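Below, chains carry the letters A, B, ... as their sequence lines are ordered, and counting in each starts from 1. Computed from a prediction, not measured in an experiment: that's the story for all the values here.
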Protein chains: 2
Amino acid sequence: MRPVQPGKLAENTIRSSGHHMTPQRLVILEVLEGSNGHTSAEEIHSHVRSRYPKLHISTIYRALDMLKRLGLATETDLGDGKLRYHLHEKGYHHHLICEKCGRVEDMDESIFTPLKAALRRKHHFHADLRHLAIFGRCQGCA
Amino acid sequence: MRPVQPGKLAENTIRSSGHHMTPQRLVILEVLEGSNGHTSAEEIHSHVRSRYPKLHISTIYRALDMLKRLGLATETDLGDGKLRYHLHEKGYHHHLICEKCGRVEDMDESIFTPLKAALRRKHHFHADLRHLAIFGRCQGCA
DNA sequence: AGCGTGGTTGCGAATAGTTGCATCTTTGCT
DNA sequence: AGCAAAGATGCAACTATTCGCAACCACGCT
Ligand SMILES: [Zn+2]
Ligand SMILES: [Zn+2]
Ligand SMILES: [Zn+2]
Ligand SMILES: [Zn+2]
């Protein structure tokens with residue numbers, strides 16, 4: 001079994017799930033792969049506006065929604081008024097956000113392992129906890 | 001020490017935190033207290049439209065934001081495209097939402113006790129986990 | 001290469017929520 | 001009761017996101 005080439009996983013998943021690969025989706029994926037991993041729809045839009053002036057922001061929203069439904073990306077509200085999208089290829093993690101001072105701390109994904117197990121055991125529920133923002137107070141603002 | 005009368009807790013907290021009590025806020029609180037506990041801004045608006053036709057929806061959003069900041073209410077996205085507000089007086093709980101079939105299961109608040117403790121211990125973070133919606137797959141849709 | 005089907009796009013309108021600002025109210029003080 | 005200051009309201013404009021629909025294009029089949 002040959003490993004999927006970097007950058008091709010999304011494309012393969014899209015095609016094999018009955019979706020079409022389009023130039024729009026290709027350039028949207030390029031931007032996501034070239035970003036820091038917390039990209040908003042509007043940021044994608046302004047990155048591609050010069051090359052594809054007609055690429056409509058609703059197309060970006062629809063592409064992001066598809067990536068989310070295919071399990072390729074997460075959609076997370078980091079508290080700044082816009083949803084941010086993160087490709088799984090870039091690795092799992094979570095965020096602690098202080099709602100007083102705004103400080104953001106990153107967390108390893110392992111923090112949710114016991115919770116996920118408890119939800120499966122007690123509620124037979126398979127929680128999708130891949131890129132969460134947890135709000136609260138940091139040490140200084142407690 | 002006399003116990004706070006039911007329904008007066010919010011009013012007392014608002015006054016003692018330097019905010020004004022207005023007829024608008026009073027009627028918004030009435031609606032919240034008379035509801036099932038998962039009320040949207042638009043629902044409040046249509047409930048009060050007959051009595052207070054001028055009460056603007058932005059006033060409702062601002063009142064709900066204040067209740068949230070004072071810790072009297074939570075704001076939760078239950079996945080139906082609008083934020084829903086829940087008075088704490090009505091008791092703590094959480095929701096498991098299947099993103100395939102839409103089924104919603106309610107959960108006791110105790111499920112997050114270990115997670116909260118871990119976040120305090122390992123990250124010195126006081127997480128506000130009072131009314132969460134967790135998305136994933138239910139048993140039938142796993 | 002040509003064709004049909006079904007998925008996709010651009011666009012404009014709609015929905016949900018936020019913000020700036022002038023005006024008005026509540027509240028504490030006299 | 002009368003006043004000033006701080007806070008709240010209504011409104012309109014604005015941002016973020018979704019949706020309906022007609023035109024369009026990707027992909028599998030021949
Ligand atoms: Zn992240
Ligand atoms: Zn802080
Ligand atoms: Zn609830
Ligand atoms: Zn289900």
Side-chain angles (χ1 to χ4, degrees), chain A residues 10-29 31 38-49 51-70 72-85 99 102 133, chain B residues 10-29 31 38-49 51-70 72-85 99 102 133:
Chain A
E11 197 171 331
N12 290 346
T13 308
I14 289 168
R15 285 184 195 281
S16 67
S17 63
H19 290 281
H20 294 176
M21 184 50 53
T22 65
Q24 290 91 333
R25 290 178 176 176
L26 227 38
V27 68
I28 289 166
L29 279 170
V31 173
H38 298 91
T39 317
S40 72
E42 181 52 44
E43 281 168 10
I44 297 174
H45 197 210
S46 48
H47 275 311
V48 304
R49 200 183 317 244
R51 271 186 296 165
Y52 295 80
K54 297 285 256 340
L55 205 171
H56 200 270
I57 188 133
S58 68
T59 298
I60 296 173
Y61 278 112
R62 281 187 283 233
L64 292 169
D65 185 59
M66 181 196 62
L67 295 176
K68 179 175 55 157
R69 277 183 294 97
L70 293 179
L72 293 166
T74 47
E75 176 187 77
T76 307
D77 174 7
L78 295 178
D80 67 344
K82 43 196 80 175
L83 295 172
R84 296 190 170 272
Y85 296 85
E99 55 201 2
Chain B
E11 197 171 333
N12 290 346
T13 308
I14 290 167
R15 293 194 127 93
S16 67
S17 64
H19 291 281
H20 294 173
M21 183 50 53
T22 65
Q24 289 91 335
R25 289 178 177 176
L26 227 38
V27 70
I28 290 166
L29 278 171
V31 173
H38 299 91
T39 317
S40 72
E42 183 50 43
E43 281 168 11
I44 298 175
H45 197 210
S46 46
H47 275 312
V48 305
R49 200 182 317 247
R51 273 185 295 165
Y52 295 79
K54 300 284 255 345
L55 205 171
H56 201 271
I57 190 133
S58 69
T59 298
I60 296 174
Y61 279 113
R62 281 189 280 232
L64 292 169
D65 185 59
M66 181 196 62
L67 294 175
K68 180 176 51 158
R69 278 184 290 98
L70 293 180
L72 292 165
T74 47
E75 175 188 76
T76 306
D77 174 8
L78 296 177
D80 67 343
K82 44 195 79 174
L83 295 173
R84 296 190 169 273
Y85 296 86
E99 54 198 6

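Under the 3.5 Å distance criterion, the side-chain polar atoms of B:H45 are matched with a main-chain donor or acceptor of B:L55. Between the side chain of A:H47 and the backbone N or O of A:I28, no donor-acceptor pair lies under 3.5 Å.
For A:H20 and C:dG6, the shortest distance from a side-chain N or O to OP1 or OP2 is not below 4.0 Å. A close approach under 4.0 Å does occur between a side-chain nitrogen or oxygen of A:Q24 and OP1 or OP2 of C:dG10. The phosphate of D:dA26 (OP1 or OP2) has no side-chain N or O of A:R25 nearer than 4.0 angstrom.
One interatomic measurement links the two molecules: NZ of A:K68 to P of D:dT17, which rounds to 11 Å at whole-angstrom precision.
Mapping B:A41 and A:M21 onto DNA chain C by nearest heavy atom places A:M21 at the nucleotide closer to the 5' end.
The distance from the CG atom of B:D80 to the NE2 atom of B:H38 is 11.0 Å, given to the nearest 0.5 Å. Between B:D65 atom CG and B:I60 atom CD1 the span is 13.5 Å, to the nearest 0.5 Å.
As judged by a 4.0 angstrom heavy-atom cut-off over every strand, B:P23 is placed among residues touching the sugar-phosphate backbone only.
Neither side chain, A:T22 nor A:H20, offers a donor N or O lying under 3.5 Å from an acceptor on the other.
Within residues 54-67 of chain B, the residues that have a heavy atom under 4.0 Å from DNA chain D are, in order of number, B:K54, B:L55, B:H56, B:S58, B:T59, B:R62.
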